[in-house]
Amino acid sequence: MVTIYDIAQKANVSAMTVSKVINNTGRISEETRRKVKKVMEELNYIPNSNARSLVLQQTQILSLLITDITNPFYTSLARGAEDGAKQYGYRLLFGNSDEDYAKEKDYVDMILSTRVDGVLFAPAGDLSLKNLEKLRAHNIPFVIMDRAVPGIESDMICGDSKEGARKLVDYLIGLGHRRIALVNGSLDVSTARLRYEGYAEALALQGIPLDETLIIHQNYRDYHADDHLEQLLEQPSPPTAIFAANNVLAVGVIRDLRERGLRVPEDISVVCFDDLDLSSALDPFLTVAAQPAYQFGAMGIQLLVERIRGSSVPESRKVILPSELVIRSSAKPI
């Protein structure tokens, strides 16, 4: 294995000079720097990242922790984060909590043992506060993605969940729907609370009473439809439309409606928050409030790197990315 001493001998410089070139520290003439780098290339030298991190007190590694890799929103977010990290010269470690606090805790412990420089963190929910406080106690910079966590101030990238939900319900009301069901995430997640608020606000502004029998709260990731759809569809006055609070829930709802012989939108209309994956572009179907998922990841990396590098920035920054109402064929007038 090639060492810095091999490079120093061939370049006729000291080992200290080679170390300064590798770590980009100290004052060295440009001529010497080029000579050392040329020898490094000739000898196919690969710097020891662990040793380099001890010198710089940085690993050039970031971590991305999301809640559900099967959700196309997070898939696109992860791609934006990966591209952004590469642009800034960082590598990216990935973790998936599956909306599970215990699994999230395990990933936080791994992050601390890996000595990453910073974390993009999509919380499982409000109880993620303990895990975020652990990162802060170890002076690991982080940016919260998508979901707010009460009790902690930090840089954050989020969508306008309340406004996006209001747009979707307004659209359904404009088509004549009055019995609109909500299949939502758990209320210990900030986006579920905000989407519920947007749903309720849209109904109230049109003078439509809020009917709690039309509202289901469950885990965003694990859709269990049998009891839920039965609860909705067997009412004396069943819903004519369903608003699913994310795309995973929407796919589950549509699948189970079809298993019951119900057609979308001929028999019941369905809309959802967040778009589907690229394959849906071949036959776009769902009306959605689409978020710029890629931008979540790319902008999150930008805020994180600025925080790591000690840029002159406010104590905490919050970026709200708006959603876009994309009208397709999954809802129709009644």
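All heavy atoms count here, side chains included; hydrogens, waters and symmetry mates do not. Source: prediction; values computed, not measured.
Applying the 6.0 Å contact sphere to CD of E266 captures more than 12 heavy atoms from other residues, nucleotides or ligands. Heavy-atom neighbours of N12 CG from other residues, nucleotides or ligands within 6.0 Å: at or below the threshold of 12. Surrounding NZ of K37 are at most 12 heavy atoms belonging to other residues, nucleotides or ligands under 6.0 Å away. The environment of CD in E133 is crowded: more than 12 heavy-atom neighbours from other residues, nucleotides or ligands sit within 6.0 Å. The environment of CE in M110 is crowded: more than 12 heavy-atom neighbours from other residues, nucleotides or ligands sit within 6.0 Å.
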message: Show, in sequence, the C-alpha distance, side-chain angles and deciding distance for L203 and I173, and conclude whether the side chain to side chain contact (heavy atoms under 4.5 Å, CB included) test is met.
response: CA-CA 8 Å; L203 295 176; I173 293 172; 4.2 Å; yes
query: Going through the checks in order, is the salt bridge (charged side-chain N to carboxylate O under 4.0 Å, His left out) test met by R166 and E163?
result: CA-CA 5 Å; R166 190 190 62 76; E163 177 64 14; 2.5 Å; yes
- prompt: Should I152 and I144 be marked as a side chain to side chain contact (heavy atoms under 4.5 Å, CB included) after you check the CA-CA gap, both sets of side-chain angles, and the distance that decides it?
  reply: CA-CA 10 Å; I152 197 157; I144 295 177; 3.9 Å; yes
message: Using the rule given for salt bridge (charged side-chain N to carboxylate O under 4.0 Å, His left out), can you reason through D100 versus R221, listing the C-alpha separation, both sets of side-chain angles and the distance that settles it, and then say yes or no?
response: CA-CA 10 Å; D100 182 275; R221 181 177 182 271; over 6 Å; no
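For the pair K167 and D160, the salt-bridge criterion is not met [side-chain N within less than 4.0 Å of a carboxylate O]. The pair E41-K38 does not meet the salt-bridge criterion, since no charged nitrogen lies less than 4.0 angstrom from a carboxylate oxygen. The existence of a salt bridge linking R79 and D83 is confirmed by a sub-4.0 Å separation between a basic side-chain nitrogen and an acidic carboxylate oxygen. With respect to D267 and R260, no salt bridge is recorded, no charged nitrogen being found less than 4.0 Å from a carboxylate O.
Under a 3.5 Å cut-off, the side chain of S29 and the backbone N or O of T32 do form a donor-acceptor pair. Proximity of a side-chain donor or acceptor of T287 to a complementary backbone N or O of R328 within less than 3.5 Å is detected.
Taking 4.5 Å as the limit, every side-chain heavy atom of Y199 sits out of range of all side-chain heavy atoms of N184.
Scored by the ring-ring contact (aromatic ring centres under 6.0 Å, His included) test, F73 finds F296 as partners (sequence neighbours excluded).
A cation-pi arrangement, defined by a distance under 6.0 Å to the six-membered ring centre and an angle within 45 degrees of its axis, is absent between R307 and F121.
Looking at every heavy atom in both residues, A148 comes nearest to S190 through N-OG, 2.9 Å.
Counted by atom type alone, S161 and R195 present one or more donor-acceptor pairs between their side chains at under 3.5 Å.
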